[in-house]
Amino acid sequence: MSEPVDFIREIIRDDLAAGRFDRVHTRFPPEPNAYLHIGHAQAILLNYGIAQEFGGKFNLRFDDTNPEKESEEYVAAIKRDVRWLGADWEDREFYASDYFEQLYQWAEELIRKGVAYVCDLPPEELSRQRGQPIRDGDRIITPPGVDSPYRNRSVEENLDLFRRMRAGEFPSGSRTLRAKIDMAHPNLNMRDPVLYRILHARHHRTGDTWCIYPSYDWAHGQSDSIEGITHSICTLEFENHRPLYDWFLDQLGVHHPRQIEFARLNLTYTVTSKRLLLRLVQEGHVRGWDDPRMPTIAGIRRRGYTPEAIADFVRRIGVSKAESIREIELLEHCLRDDLNKRAPRRMAVLEPVKLVITNYPEGKVEEFDAVNNPEDPSSGTRVVPFSRELWIEEEDFREDPPPGFFRLAPGREVRLRYAYFVRCTGVVKDPSGRVVEVRCTYDPATRGGDAPDGRKVKATLHWVSASHAVDAEVRLYDRLFTVPDPLDVPEGEDWIGNLNPDSLVLLRGCKLEPCLGEVQAGEMFQFERKGYFCVDPDTKPGLPVFNRIVTLRDPWAKLQGKL
RNA sequence: UAGGGCGUAGCCAAGUGGCAAGGCAGCGGCCUUUGGAGCCGCCAUUCGGAGGUUCGAAUCCUCCCGCCCUAGCCA
């Protein structure tokens, strides 16, 4: 294990060495109330990766303790996503709801021990008594809480009330079961936290069996304990809860995992919060959870991101306790790095303009061999047809080329990839002055793309033979937000205002080389000079639909942005 | 002077008393039938700040500053 050792792996290694545990067992514990996002990918890969490296096990457990927000749809989506990332939970698919009865029994145990009681306080009163912060001049003081008037009920009364809670005798929200810890505790989580609330709601797995549901705090640690988890890895906000989980486990005298907290992943130009993503979906700012602009696993999968690239990204960002915002550029780098090695090259003209080679025989068709992937010789070659009329990229021709532009312009000579050198001899314009056709002549001696006299050209263009082209729809995706930190808005303004109006540019009538006529959803290609693209599930026979995954690095575009 | 965390380059991040790894971004250059890829070079006299201990401090001590989390019967 000379690979990167983060502080979590270090702790685990030390635990093993010290004999605190003799095995490693991790888990990923999502709540099925939304789709997973890129931040979860890090947690999944971290937990699964650790289990693998230490020869341990990895569980998938749904923390389904809030029936009002959860559903089977989310369960299914989450399983699909975790599997896609390559994390294998084998037969260990669990649910906190599997443990409801055990949790209930343990709650009775605490009551019998005199460390839990039924409280009749309404929500607002309960929260007030736990200790609201008070401003004292410049300081903020958190006063001690106030003991509930129900705190000293007898064990018998508590047991009776708790059982009647379970039996459904009381309305939702009317009572709670609370742990009796310390209302003056400096850690608010220790001020008699709620273990059970009454909720007459149908649960997606247990149906109407229960009308009281355990709080997350009461369910989470014990669920880990039941599963024999050794290392409960979670995000920073649960650090404050650790003393409470420790208290529960110690009171119960059961297996006690070690909890380790790390900083959640933040990414520039994106939001990673289930609540915020839910809003984007519900308000229709995107087409759904799997919209290719979404940072959800489902979204980036459809976009064309690969599990390998994501794993590489996660490996590179490491893990720490320092809160941070990662730059999206690193993710894009990992993607290009992965796709560069695996994506077959193709020629595709996205915004076509006609190129007519006036000295090329009409009706003649030549075929050229094109390399499928210069990074992978084993991927071989394919044949592309060439003829007198071609499509080239509109932006590859400029009537008045600016400084630094070395593509096609009147009088200029460029190479058509794999084919010939051509020199621009003129243009044809429509009445509005727009160039609708570029005319040129070719040099037969440059067949294949090299000039026998050794002369050079400064640019190589991609092209597609007009009569052989396949039409396609191409969806150009860009960042969903225009600013690095979308949530950073002036007081009173909505972060929705930071949405990028150009995050999706729809292109129809794109011209593809013929072999792209039959493709399967999910297939990925590099469209030379344009970027990496993948076939969208919306593809229909005769009309391929491609998503742009990410552009190629493009110094010229960058230069222009600065001009 | 609530409790719990965190501060090393633009963004991350190694570093665990012996003299600041690496990646991304950026900037130069080479090469190129993708302005892609690849290759080479540059990019912290200094680790939030100030003192102190030490032959020697990002690492140990003291004080200070800044940021984050918690105050749901959400997770």
Side-chain angles (χ1 to χ4, degrees), chain A residues 4-6 29-31 33 63 65-66 68-70 119 121-123 126-128 130-134 136 138-145 172-178 185-191 193-199 212-213 215-217 219-220 235-243 261 263 268 274-275 316-334 336-337 340-341 345 347 371 374-375 404-407 415-419 421 448-450 456-462 484 526-531 551-559:
Chain A
V5 177
D6 52 68
E31 184 195 9
N33 68 343
D63 275 338
T65 54
N66 186 353
E68 293 183 316
K69 293 184 176 172
E70 298 154 6
C119 180
L121 252 24
L126 193 159
S127 123
R128 192 170 316 125
R130 287 184 79 186
Q132 296 285 308
I134 294 171
D136 173 22
D138 291 341
R139 301 181 304 177
I140 290 178
I141 292 181
T142 305
S172 294
S174 60
R175 287 175 219 262
T176 57
L177 181 74
R178 294 224 264 162
H185 199 106
N187 181 335
L188 288 315
N189 291 124
M190 300 296 271
R191 320 250 263 219
V194 169
L195 271 43
Y196 275 92
R197 73 272 204 184
I198 301 174
L199 211 56
I212 57 173
Y213 289 95
S215 65
Y216 174 83
D217 279 343
H220 186 76
T235 44
L236 251 27
E237 66 267 29
F238 294 107
E239 202 154 20
N240 296 331
H241 296 241
R242 177 151 39 91
E261 308 86 8
T268 55
K274 294 203 281 190
R275 186 174 55 84
R316 292 199 204 208
I317 62 178
V319 40
S320 76
K321 296 191 71 160
E323 290 173 56
S324 58
I325 303 179
R326 317 300 172 136
E327 292 177 328
I328 190 88
E329 285 84 352
L330 179 58
L331 213 205
E332 293 175 343
H333 168 82
C334 294
R336 292 188 181 110
D337 197 42
N340 177 48
K341 287 176 236 151
R345 272 57 169 174
M347 292 198 285
V371 174
E375 305 296 320
F405 181 90
F406 36 85
R407 273 107 99 146
R415 170 169 40 233
L416 294 179
R417 180 142 230 227
Y418 301 119
F421 283 12
D450 278 309
K456 303 289 184 195
V457 289
K458 296 195 76 173
T460 300
L461 309 188
H462 61 280
Q526 183 198 97
F527 290 171
E528 295 214 22
R529 307 205 302 134
K530 299 308 293 182
T551 62
L552 256 25
R553 278 187 66 227
D554 189 351
W556 170 240
K558 183 168 288 181
L559 244 183

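Below, chain A is the first sequence line, B the second, and so on; all start at residue 1.
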Open item on the list: For RNA chain B, report each stem as range with range, ordered by first number, or say none. Use Watson-Crick or G-U wobble pairs under 3.5 Å, at least 3 in a row.
Closed with: B:2-7 with B:65-70, B:10-12 with B:22-24, B:26-30 with B:38-42, B:48-52 with B:60-64
Of the nucleotides [options], which has the atom closest to the [X] side chain?
X	options	value
A:E329	B:A25, B:C73, B:U34	B:A25
A:P186	B:G3, B:A75, B:C73	B:G3
A:R407	B:C73, B:A75, B:G35	B:G35

When we call it a touch if two heavy atoms are under 4.0 Å apart, what does [X] touch: a base, just sugar-phosphate, or nothing?
X	result
A:N240	base
A:Y196	nothing
A:D450	base
A:L330	sugar-phosphate
A:L121	base
A:T65	sugar-phosphate
A:G531	nothing
A:P122	base
A:F527	nothing

Heavy-atom closest pair, residues [X] and [Y]:
X	Y	answer
A:F421	A:G449	CE1-O, 3.3 Å
A:G404	A:W556	O-CZ3, 3.4 Å
A:R336	A:R553	NE-N, 3.8 Å

Using the [atom1] atom as the point on both nucleotides, what is the distance between [M] and [N], in whole Å?
N	M	atom1	value
B:A20	B:G52	P	22 Å
B:A9	B:G23	C1'	13 Å
B:C74	B:C60	C1'	43 Å
B:C67	B:C24	P	32 Å
B:G41	B:G22	P	11 Å
B:G66	B:C47	C1'	16 Å
B:C43	B:G28	C1'	11 Å
B:G48	B:U8	P	6 Å

Kindly say if [X] contacts the phosphate of [N], meaning a side-chain N or O under 4.0 Å from OP1 or OP2.
X	N	result
A:R197	B:C74	yes
A:S127	B:G72	yes
A:R130	B:C73	yes

Task: Non-neighbouring partners of A:N340 that pass side-chain hydrogen bond (donor to acceptor under 3.5 Å, both in side chains), sequence neighbours left out - done: A:R345
Open item on the list: Quick check for you: to the nearest 0.5 Å, what is the distance between A:N66 atom CG and A:R197 atom CZ?
Closed with: 5.0 Å
Task: Spacing of A:S174 atom OG and A:L121 atom CG [to the nearest 0.5 Å] - done: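 Nearest 0.5 Å value for the OG-CG distance: 12.0 Å.
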Contact list (N/O, under 3.5 angstrom) for nucleotides 36-38 of chain B vs protein:
from  : atom 1 : to     : atom 2 : distance (Å)
B:G36 : N2     : A:R345 : NH2    : 3.4
B:G36 : N2     : A:E375 : OE2    : 3.0
B:A37 : OP2    : A:R553 : NH1    : 3.2
B:A37 : O2'    : A:N340 : ND2    : 3.1
B:A37 : O2'    : A:E375 : OE1    : 3.2
B:A37 : O2'    : A:E375 : OE2    : 2.9

Beyond-backbone contact of [X] with [Y], side-chain heavy atoms, under 4.5 angstrom:
X	Y	value
A:T460	A:E528	no
A:R407	A:L461	yes
A:I212	A:L177	no

Open item on the list: Syn or anti for B:G72, given that syn means the glycosidic angle lies within 90° of 0?
Closed with: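 Syn conformation here, the glycosidic angle of B:G72 being no more than 90° from 0.
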Under 3.5 Å between N/O atoms: give me all the protein pairs with nucleotides 13-16 of chain B, atom names plus distance.
from  : atom 1 : to     : atom 2 : distance (Å)
B:A13 : OP1    : A:S320 : OG     : 2.4
B:U16 : O4     : A:E10  : OE2    : 3.4

Open item on the list: Here's a test of your reading of the structure: between A:R242 and A:G449, which maps to the more 5' nucleotide of RNA chain B?
Closed with: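 Here A:R242 is the residue nearer the 5' end.
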- [ ] Mark yes when over 12 heavy atoms from residues, nucleotides or ligands other than A:K458 sit less than 6.0 Å from its NZ; otherwise mark no.
- [x]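 Atom NZ in A:K458 is not crowded, with 12 or fewer foreign heavy atoms closer than 6.0 Å.
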TODO: Please identify each residue that fulfils side chain to side chain contact (heavy atoms under 4.5 Å, CB included) with A:N187, with sequence neighbours left out.
DONE: A:H185, A:N189, A:M190, A:P243
TODO: Kindly write out the residues that satisfy side chain to side chain contact (heavy atoms under 4.5 Å, CB included) with A:V319, not counting sequence neighbours, or none if the list is empty.
DONE: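 Residues passing side chain to side chain contact (heavy atoms under 4.5 Å, CB included) with A:V319: A:D6, A:F7, A:I8, A:Q42, A:L46, A:F262.
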Open item on the list: I'd like to know if A:E261 and A:R242 make a salt bridge, using a cut-off of under 4.0 Å between side-chain N and carboxylate O.
Closed with: yes
Task: Base B:C74 paired with A:N66 side chain (donor-acceptor, <3.5 Å) - done: no
